[in-house]
Amino acid sequence: MASRKLDVCRHRAFLGVALLTVLTFTPYLHATDPNDLDAYKVRISGFWFYSSPSGDLQGSTESGVIDLQKDLGFANYSTFSGKLDWKVTQKNHLYLAASPFSQSRQTVLARTIVFQGQTFSVGLVSRAQLQANLYAPGYQYDIIRRKRGNLGLAAQIDLFDSSASINAAAQVTSDGVQHGAVSAKGSLLAPIPVFGPQFRYYLTDSPRVFVEGNLLGMYLFGYGNFVSTADTVGVT
């Protein structure tokens, strides 16, 4: 419990520093050219969003999937995303985006599950931790640039640095059966190249309020398709 509280405090502190950085440096980084609301050299952006983790973890067999919500009790929580955008020339951008996803949950298992070759029996009090951080370095070329917005093509590499662990201490379940301590952990670093359109549009004749979005994807041949979108409303 202490470790979980420490992680929460760290995340809140990091979020506070990130937001303070945005509020402090944005007025200095933004251009004063009245004919181009999107004229800047370096821009730092921070976004808050409400995460709803879903999906499953692959067990030791193809049919042994572990549902994050039903089996492990993962719930919604607040997190954030950040982006550093360096406009090298008028239409060329280099950027780095990052989104940290980290949550731990303690629950009583409603069924027996198998993860990484380890069996976690029904009734065990188990703690599961999931980290799925995203790092995305990329390049954008603006096809269209106007005073109140732009439309460009972006190419980036989505680096999904994911790890999951499940731990259960030695204990006696409600049916009187004694179980020894058991733990398992798995990790995966998956780089996925994506490509697609990206835009930003200012809703008024000032840089204060804007909407932006992207639609990025890639055909992964025999593995299927990967498509993602991020759409936001922002205030400078």
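Note on V194: it does not cluster hydrophobically with F199, by side-chain heavy-atom contacts below 4.5 Å among ILVMFWY residues. In the hydrophobic cluster analysis, where Ile, Leu, Val, Met, Phe, Trp and Tyr join through side-chain heavy atoms closer than 4.5 angstrom, F160 is grouped apart from F101. Taking hydrophobic clusters as Ile, Leu, Val, Met, Phe, Trp and Tyr residues chained together by side-chain heavy-atom distances below 4.5 Å, L124 does not share a cluster with V172. Transitive grouping of hydrophobic side chains (ILVMFWY, heavy atoms separated by less than 4.5 Å) keeps V235 and Y201 in distinct clusters. Grouping the Ile, Leu, Val, Met, Phe, Trp and Tyr side chains by contacts below 4.5 angstrom, directly or via other members, places L215 apart from L151.
Panel note: side chain Q69, backbone P53; a donor-acceptor pair is recorded below 3.5 Å. Side chain of T112 to backbone of V122: a donor-acceptor contact under 3.5 angstrom is found. In this structure a side-chain-to-backbone donor-acceptor pair under 3.5 Å is missing from S126 to A168. Proximity of a side-chain donor or acceptor of K185 to a complementary backbone N or O of Q116 within less than 3.5 Å is not detected. In this structure, N214 contributes its side chain and L216 its backbone to no donor-acceptor pair below 3.5 Å. The main-chain N or O of S183 is never found under 3.5 Å from a side-chain atom of N167 such that the two would form a donor-acceptor pair. Remark: side-chain polar atoms of Q103 are paired, donor with acceptor, to backbone N or O of A75 under 3.5 angstrom. Side chain of R105 to main chain of F74: no donor-acceptor pair is present (N/O by atom type, distance under 3.5 Å, no hydrogens or angles).
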Legend entry - D38/R145 under salt bridge (charged side-chain N to carboxylate O under 4.0 Å, His left out): CA gap, chis, key distance, verdict: CA-CA 9 Å; D38 208 33; R145 287 196 64 85; 3.7 Å; yes

Inset, instruction - Check step by step if salt bridge (charged side-chain N to carboxylate O under 4.0 Å, His left out) holds for K147 and D205. - result: CA-CA 9 Å; K147 176 180 178 180; D205 198 22; 3.1 Å; yes

Inset, instruction - Given ring pair (Phe, Tyr, Trp, His ring centres under 6.0 Å), test F221 with Y219 step by step and report yes or no. - result: CA-CA 6 Å; F221 302 99; Y219 173 63; 5.4 Å; yes

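Shown here for S102 and Y77, the closest heavy-atom pair between the two residues is N-OH, 3.5 Å. Of all heavy-atom pairs spanning S78 and Y50, the tightest one is OG-CD1, 3.9 Å. The two residues R148 and L203 make their nearest non-hydrogen contact at NH2-O, 2.8 Å. Annotation for L96 and P137: closest pair CD1-N, 3.8 Å, computed over non-hydrogen atoms. Across all their heavy atoms, F195 and A155 have their closest contact at CD1-CB, 3.9 Å. Looking at every heavy atom in both residues, V108 comes nearest to G123 through CG1-O, 3.6 Å.
Considering only heavy atoms from C-beta on, S165 stays 4.5 Å or farther from R127 through its side chain. In this structure, the side chains of Y202 and V211 stay at 4.5 Å or more apart for every pair of heavy atoms. Two residues are said to be in side-chain contact when any heavy atoms from C-beta on lie closer than 4.5 Å; L134 and D158 meet this criterion. A 4.5 Å side-chain heavy-atom check between E212 and D231 finds every atom pair outside the cut-off. In this structure the side chain of L220 reaches within 4.5 angstrom of the side chain of M218, judged on heavy atoms. With a 4.5 Å cut-off on side-chain heavy atoms, L72 and I166 count as touching. Side-chain atoms of F120 and V114, non-hydrogen and from C-beta on, never get closer than 4.5 Å to each other. Side-chain contact between L153 and Q198: absent, with no pair of heavy atoms (C-beta onward) separated by less than 4.5 Å.
If you run side chain to side chain donor-acceptor pair (under 3.5 Å) between Y95 and each of Q156, K87, R43, K83, only Q156 comes through. Paired with L57 under the rule side-chain contact (heavy atoms from CB on, under 4.5 Å), one option of L68, I113, D71, V65 passes, and it is L68.
Remark: R200 is positioned above the aromatic ring of F210, its terminal NZ or CZ atom under 6.0 angstrom from the ring centre and at most 45 degrees off the axis.
How far CG of L188 is from OG of S162: 6.0 Å, rounded to the nearest 0.5 Å. Taking OG of S121 as the start and CG of L109 as the end, the distance is 8.5 Å to the nearest 0.5 Å.
Applying the 6.0 Å contact sphere to CD of Q90 captures more than 12 heavy atoms from other residues, nucleotides or ligands. Enclosure of atom CD1 in I157 is not indicated, since only 12 or fewer non-hydrogen atoms of other residues, nucleotides or ligands lie within 6.0 angstrom.
Between H93 and Y40, the ring planes lie tilted relative to each other; the angle falls in the 30° to 60° range.
Side chain to side chain, D142 and Q140 meet the donor-acceptor criterion of an N or O pair below 3.5 Å. A donor and an acceptor atom, one from each side chain of D161 and Y135, are nowhere located under 3.5 Å apart. For the 3.5 Å distance criterion, the side chains of S99 and S81 qualify, holding a donor opposite an acceptor.
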